[in-house]
Amino acid sequence: MSTEEKPAAAPRSLAEALRGRDDASLAALLRRRPDLITPVPTDLTQLATRAGTRASVVRALERLDRFALQTAQALAVAEDPATYEELLGLLAGDDGDPAVSAALPHALGSLREQALVWGDDARLRLVRTARELLSPSPQHPSPTGLGPTVREATAGMSPGRIQEIVATAGLPSTHDSVSAVAALTALFADPVRMSALLDEAPSESVEVLERLVWGPPYGQVTADPAPRLRWLLDRGLLLPTAPGTVVLPREVALRLRAGRAHRRPEPVPPSVEAATTHRPQVVDATGAGQAYTALATVEELLKDWHEGGPAVLRAGGLSVRDLKRTAVALDVTEPVAAFWVELAYAAGLLASDGEADERYAATPAYDEWREQPPAQRWARLATAWLVATRTAGLVGGRDAKDRTLSALGPGLDRSAAPEVRHRVLTLLAGLPEGAAPSTESVMARLHWERPPRGGRSDSSADGGRAGAGGHPAEGGRGPVGLVSAQDTEDLRSRLARWTLTEAEMLGVTGRGALCAHGRALIGAPAPRQPEAEPGEPEGPGDKLPVHHRPTPPPPALSPAQQATATAAAARLLAPLLPEPLDHVLLQADLTAVAPGPLERPLADMLGVLADVESKGGATVYRFTPGSVRRALDAGQAAADLHAFLAAHSRTPVPQPLAYLIDDVARRHGHLRVGAASAYVRCDDDAVLSEILADKRAAGLGLRRLAPTVLAAQAGPAGLLEGLRAMGFAPAAESAEGDVLISRADAHRTPPRTPPEPVPEGPPVPDDTLLTAAIRAIRAGDLAATAPRKPAAGDGAGSGELPRTTAAETLATLQAAVLTGEALWVGYVNAEGAASQRVLAPVRVEGGFVTAYDHTADEVRTYPLHRITGVAELADDEG
């Protein structure tokens, strides 16, 4: 008789199921659930134990898509173990659903890959923790809306009452409660007999069942139930669970539902619909315009904070009043101002200076950023926004302690923000070029990919009275306890909406559609074209082959990939940005019009010499005595200003502007202010007399020290401001008497690094780490499961480390060197941690053993005094 290869036995535990996987399957598990590899498990048994912990299972369930979650929920209400056919029946119903049948293998494969389900199709098992989370109970109703089984609901019922129900239902009496419950369960699960029983039911009783069938399955009854309820209670179609409370058994509900666990299975992800379509050139041009506006806005913000911005609150962040002032200066709303402030902070262009009187200011990186080409400057802002976990949309809200969240303050990090931003942009990239999606379709798709589970589902809510009729509801959200925050669903929805708005402000999208440079920023492939001609809509059958196997969202780009994508986005954007101009148009009304962006030196000088009056396609600057004095304070002479305007104006310099410059220059520096506390000196004593006689100078504490010198109690800065408010044009001077030149960019913070994003759980391991981890787990599993020859007193039979004397250890190791056999070794390291290893000794000398360690998969040397004992491995029976 020839020996045939025996089929592999079904795994008896999750650890055995993992032991039967290949390395590629284990790598897929660790990628989907990276928390399992932190730290690396010692063997597959520890990996299986960790995969069944509540925290890890909750995290895995939260990342399932809608249909995969519905599949897990159906397994939680099925028998344990369940067959594939039973699971399919719970999802597709008695009539069957082609879409469910097509999508179930992929959903089940996803659950298996993540070690939430194990076993073959004949014995499917949901991991115990997941079953506890998803199974129905009075405290945590099932998301399916199903209640307990007949066996569970009758657990505390008296045997006599059970026999009464069996008899009233038309079943023969039995000798024990177990067989009676089994007969009642078989009746409710039989479609033919169940239909016959319901045909006898009064219409009022059927209405009660219809109110409970889709959940919640619990209802309230009085001590003397109405006849319609009594009819149901007598036949076990409703079972009491507590005084005044009844429940619809699971088997009855499934028969009334035609076998379906969910009212609306969702095997097919909703498609993202295009609301409008524009020409790609229009989209890119619009996005480029928004990108240029973003650069100008950030520059204007930091230019306003050149000499030291708002003070830092004691608790950190920007005060409400300072945020309002910033919004007025930028001519935007406060939420938009908060976005630009947070964006500059995320890009490392803005930080606190760390001084005693701590204030916000531009960083040295801002000066480097300003010198870069516009496209590269935009790419830095866009990349910082894409990966930042700080969420500007939360500004003005409240934290868990009911404290106001302020811009640049603590409490704004949301680890889900980068993932949501990347996924929203990826969905936009999946549309045809130039197509702008509807917000509702984007939200529906995101909710399918990550079902909201913040709070109690409708099916879990407390039902009304069964007699009065509770409201039927459909389950769909996860059980209470799957998420820690009550508003997690709202947060992810708001993050998605904020992403659409912020991407438009930043120029990643134009008119709602993803721009070419935005597509490159996320590393998306070339846009797809519509598959059907206009007027030829796709039918449901056409969509099924495409959508029944939804692919998981692409992972975020690695730092190297993101750098490549950022460079590509900058290259695509550069030709779309306007070329900077080297000229302005001077007007007779003391204004200058910049018909486009200006070159850096021209813009900087004009920003000192004039004030911005209006912005838009063209920027209007206005010359005032104060702005001209500001240029003179910066070290410019009147002749320099005349030459500058003549060189950069396409129109002649108007006479009123020339007179304004000469008049301010003639009076500039006529007064000199220094430190006494402060003093004023002037060669014209009549001017000093005029100042002393002015009532507005009373607060400065002035007194004459000499005909040409006044001393002041106010400091130099206050004295300068006071005299300028009186209409004079004083200049500050140094201790040597030289005029001090003030520069707009004098204040900078020390070098600062941008804020680090707060990760959402452990990072996804790379291929190198996965390979090393799997090798270590395999080797550790070999050491843990290798059969051994127990020696007397070595503890091998009890699972402890082997114990042998030093002489026996040395002799066994030396013999193994000669025979080349592997040994089971107990070892205690320098920290006192004990471990077991499988070693193949190569050399024993000098108090050390050099051996190939199967556990570490490498050759190592171990001190003999740290080896607790050795034992031989059992002979291979194969």
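One is the number of the first residue; the rest follow in order along the sequence. Everything quoted here is computed from the prediction, not taken from an experiment.
Of the listed residues (Val208, Val206, Leu248), just one forms a side-chain contact (heavy atoms from CB on, under 4.5 Å) with Leu232, and that residue is Val208. When the options Leu197, Val252, Val150, Val166 are evaluated for a side-chain contact (heavy atoms from CB on, under 4.5 Å) with Leu187, the one that passes is Leu197.
Residue pairs meeting the side-chain hydrogen bond (donor to acceptor under 3.5 Å, both in side chains) criterion with at least one partner in residues 81-103, sequence neighbours excluded, are Asp94-Arg255. Sorted by first then second residue, the salt bridge (charged side-chain N to carboxylate O under 4.0 Å, His left out) pairs that include residues 184-195, not counting sequence neighbours, are Asp190-Arg193.
Taking every heavy atom of both residues into account, Glu419 and Arg492 meet most closely at OE2-NH2, 3.7 Å. Residue His262 comes nearest to Arg257 through the heavy atom pair N-NH1, 4.3 Å, listed as atom of the first residue, atom of the second, then distance. The two residues Pro41 and Ile777 make their nearest non-hydrogen contact at O-CG1, 3.5 Å. Smallest separation of non-hydrogen atoms from Ala74 and Ala261: CB-CB, 4.3 Å. Here the closest heavy-atom approach between residue Phe188 and residue Leu237 is recorded as CE2-CD2, 3.5 Å. Smallest separation of non-hydrogen atoms from Ile774 and Ala27: CD1-N, 3.6 Å.
Residues that satisfy the side chain to side chain contact (heavy atoms under 4.5 Å, CB included) test with Ala76, not counting sequence neighbours, are Leu126, Leu134, Ser135. Not counting sequence neighbours, Arg123 has no partner by the salt bridge (Lys or Arg N to Asp or Glu O under 4.0 Å) test. Not counting sequence neighbours, Glu207 has no partner by the salt bridge (Lys or Arg N to Asp or Glu O under 4.0 Å) test. Residues meeting the side chain to side chain contact (heavy atoms under 4.5 Å, CB included) test with Asp35, sequence neighbours left out: Arg33, Ser56, Arg59, Pro762. In this structure Ala436 satisfies the side chain to side chain contact (heavy atoms under 4.5 Å, CB included) test together with Thr276, Ala513, sequence neighbours excluded. Qualifying side chain to side chain donor-acceptor pair (under 3.5 Å) partners for Arg414, counting only residues two or more places apart in sequence or in other chains: none. When the salt bridge (Lys or Arg N to Asp or Glu O under 4.0 Å) test is applied to Arg260, no partner is found at least two apart in sequence or on another chain. Every salt bridge (Lys or Arg N to Asp or Glu O under 4.0 Å) that Asp767 has, sequence neighbours left out, goes to Arg31. Scored by the side chain to side chain contact (heavy atoms under 4.5 Å, CB included) test, Ala435 finds Ala274, Thr277, Leu431, Pro432 as partners (sequence neighbours excluded). Looking at residues two or more places apart in sequence or on another chain, you find a side chain to side chain donor-acceptor pair (under 3.5 Å) between Arg50 and Gln46.
Remark: the backbone N or O of Glu266 is paired with a side-chain donor or acceptor of Gln70 at under 3.5 angstrom. Judged by distance alone, with hydrogens and angles left aside, the side-chain atoms of Arg423 form no donor-acceptor pair with the main-chain N or O of Ala496 at under 3.5 Å. Without hydrogens or angle criteria, Arg228 side chain to Ala201 main chain gives no donor-acceptor distance under 3.5 Å. Proximity of a side-chain donor or acceptor of Arg445 to a complementary backbone N or O of Pro270 within less than 3.5 Å is detected. The backbone N or O of Glu16 sits less than 3.5 Å from a side-chain atom of Ser13, completing a donor-acceptor pair. The closest donor-acceptor contact from the side chain of Trp118 to the backbone of Pro11 lies at 3.5 Å or more, if one exists at all. Although no hydrogens or angles enter the test, the distance criterion places a donor-acceptor pair under 3.5 Å between the side chain of Thr426 and the main chain of His422. In terms of modelled atom types and a separation under 3.5 Å, the side chain of Thr129 and the main chain of Gly52 share a donor-acceptor contact.
Looking at Thr174 and Ile162, their side chains never come closer than 4.5 Å, going by heavy atoms from C-beta outward. Looking only at side-chain heavy atoms (C-beta outward), Arg112 and Leu124 come within less than 4.5 Å of each other. Side-chain contact between Arg497 and Leu500 is absent, with no heavy atoms from C-beta onward closer than 4.5 Å. Side-chain atoms of Pro240 and Met157, non-hydrogen and from C-beta on, do get closer than 4.5 Å to each other. Counting heavy atoms from C-beta outward, Val57 and Glu132 have side chains that stay 4.5 Å or more apart. Counting heavy atoms from C-beta on, the side chains of Val247 and Glu152 never come closer than 4.5 Å.
In the displayed structure, Arg151 atom CZ is contacted under 6.0 Å by at most 12 heavy atoms of other residues, nucleotides or ligands.
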What do the steps show when you test Val100 against Phe67 for side chain to side chain contact (heavy atoms under 4.5 Å, CB included), and what is the final call?
CA-CA 9 Å; Val100 170; Phe67 188 62; 4.0 Å; yes
Is there a side chain to side chain contact (heavy atoms under 4.5 Å, CB included) between Leu495 and Arg421 once you walk through the steps?
CA-CA 8 Å; Leu495 284 172; Arg421 292 192 195 106; 5.6 Å; no
Arg54 vs Leu133, side chain to side chain contact (heavy atoms under 4.5 Å, CB included): CA-CA, chis, key distance, verdict:
CA-CA 9 Å; Arg54 182 182 178 88; Leu133 289 168; 3.2 Å; yes
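Note that the CG atom of Leu104 and the NE2 atom of His106 stand 11.5 Å from one another [nearest 0.5 Å].
In this structure, Arg235 is positioned above the aromatic face of Trp231, its NZ or CZ under 6.0 Å from the six-membered ring centre and within 45° of the axis.
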